[in-house]
Amino acid sequence: MASGADIVDDAVAYILQQSQGYPYFLQEWGFRTWNTAEASPIQLRDVAVAEPRIIQALDRSFFRVRFDRLTNTEQLYLRAMAELGPGPHKSGDVGAMLGKKNNQIGPVRSQVIAKGMAYGGQYGMVNFSVPMFDAFMKRAMPEFHRPAQAAGPATTAKPR
């Protein structure tokens, strides 16, 4: 397609929503949508057609590079965060997902923050440092099994 193409407002709005305004993601959405569209103006359907390739490209490069820098324990920590959703999350909730207390999980939390995978923000909170990483973690590690002790409090009947 020749330069100077237009894009309809609903396509722009969708790209902004899906990319969460993250600069690198905006570039990826723009590049892949531009290469998918056959005519100007670029339509929402062009974005929809490009989207699976956008996600695959982000998974292969942007997200995978970060994921591969993590230890197994750090990956599991981030996968527990992903199970809770995009965040932010209470550190204690992440620990509970892993069957650990805050003092047990604190070093791993510090490691993922030091590696730039998460940030602390408010005291006792943790959040992914880039948008969409929760969804990537679910794709990279589809199965998440909470340890038995993290499944919740055991209920036992009191003898009478």
Side-chain angles (χ1 to χ4, degrees), residues 9-33 44 47-160:
D9 289 345
D10 61 344
V12 172
Y14 184 79
I15 289 170
L16 287 171
Q17 176 189 11
Q18 294 304 103
S19 68
Q20 298 179 43
Y22 194 75
Y24 183 82
F25 298 170
L26 286 169
Q27 291 175 354
E28 194 67 45
W29 251 271
F31 172 75
R32 303 237 178 240
T33 299
L44 182 57
V47 181
V49 169
E51 192 163 33
R53 284 177 282 192
I54 295 164
I55 300 301
Q56 289 171 354
L58 290 172
D59 282 0
R60 280 192 315 268
S61 61
F62 185 88
F63 292 126
R64 179 55 65 174
V65 167
R66 287 155 178 78
F67 180 82
D68 288 345
R69 292 185 357 212
L70 301 168
T71 66
N72 291 342
T73 302
E74 293 163 348
Q75 289 173 356
L76 187 59
Y77 182 90
L78 292 175
R79 182 57 179 87
M81 282 178 59
E83 194 68 15
L84 294 169
H89 305 294
K90 293 180 182 175
S91 296
D93 291 345
V94 179
M97 292 295 292
L98 297 168
K100 306 278 185 185
K101 295 181 179 167
N102 276 349
N103 64 339
Q104 295 172 306
I105 206 70
V108 179
R109 178 183 181 273
S110 295
Q111 291 164 349
V112 298
I113 289 172
K115 288 184 177 181
M117 304 306 300
Y119 65 93
Q122 296 176 338
Y123 178 78
M125 301 297 286
V126 65
N127 201 357
F128 290 103
S129 59
V130 295
M132 299 172 50
F133 204 77
D134 60 312
F136 167 77
M137 288 303 299
K138 289 180 178 181
R139 289 189 299 275
M141 300 174 72
E143 299 294 323
F144 178 77
H145 301 285
R146 292 174 69 172
Q149 68 269 28
T155 57
T156 55
K158 292 183 178 182
R160 294 184 185 203

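None of the values given here were measured: they were computed from a predicted structure. Start at 1 with the first residue, then count along the sequence. FYI, side chains are in, hydrogens and waters are out, and symmetry mates aren't considered; it's all heavy atoms of this structure.
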Do the non-hydrogen side-chain atoms of H89 and M125 ever get within less than 4.5 Å of each other? no
Is any side-chain heavy atom of L98 closer than 4.5 Å to one of Q104? no
Shortest non-hydrogen contact between S61 and A57, atoms and distance: OG-O, 2.8 Å
Parallel under 30°, tilted from 30 to 60°, perpendicular over 60°: which one fits the rings of F128 and F133? tilted
Rounded to the nearest 0.5 Å, what's the gap from CD on E51 to CZ on R32? Could you check? 13.0 Å
Take the angle between the ring planes of F62 and F25 and call it parallel below 30°, perpendicular above 60°, tilted in between. perpendicular
From CG (D134) to CZ (R139), nearest 0.5 Å: 9.0 Å
Atom NZ of K101: over 12 foreign heavy atoms under 6.0 Å: no
Here the pair of heavy atoms bringing M132 nearest to Q18 is SD-O, 3.3 Å
Check: R79 side chain, M141 main-chain N or O, donor-acceptor pair, under 3.5 Å: yes
Is the shortest side-chain heavy-atom distance between K100 and V108 below 4.5 Å? no
If you define the side chain from C-beta out and look only at heavy atoms, does anything of L84 sit under 4.5 Å from M81? no
Any heavy-atom pair between the side chains of V130 and F63 that's under 4.5 Å? yes
CG (L76) and CE (M137) are apart, to the nearest 0.5 Å, by 8.5 Å
Heavy-atom closest contact (L26 atom, S19 atom, distance): CD2-OG, 3.1 Å
Tell me if the CG atom of N103 is crowded by more than 12 foreign heavy atoms within 6.0 Å. yes
For Y77, run the side-chain contact (heavy atoms from CB on, under 4.5 Å) check against L70, V126, N72 and tell me which one passes. V126
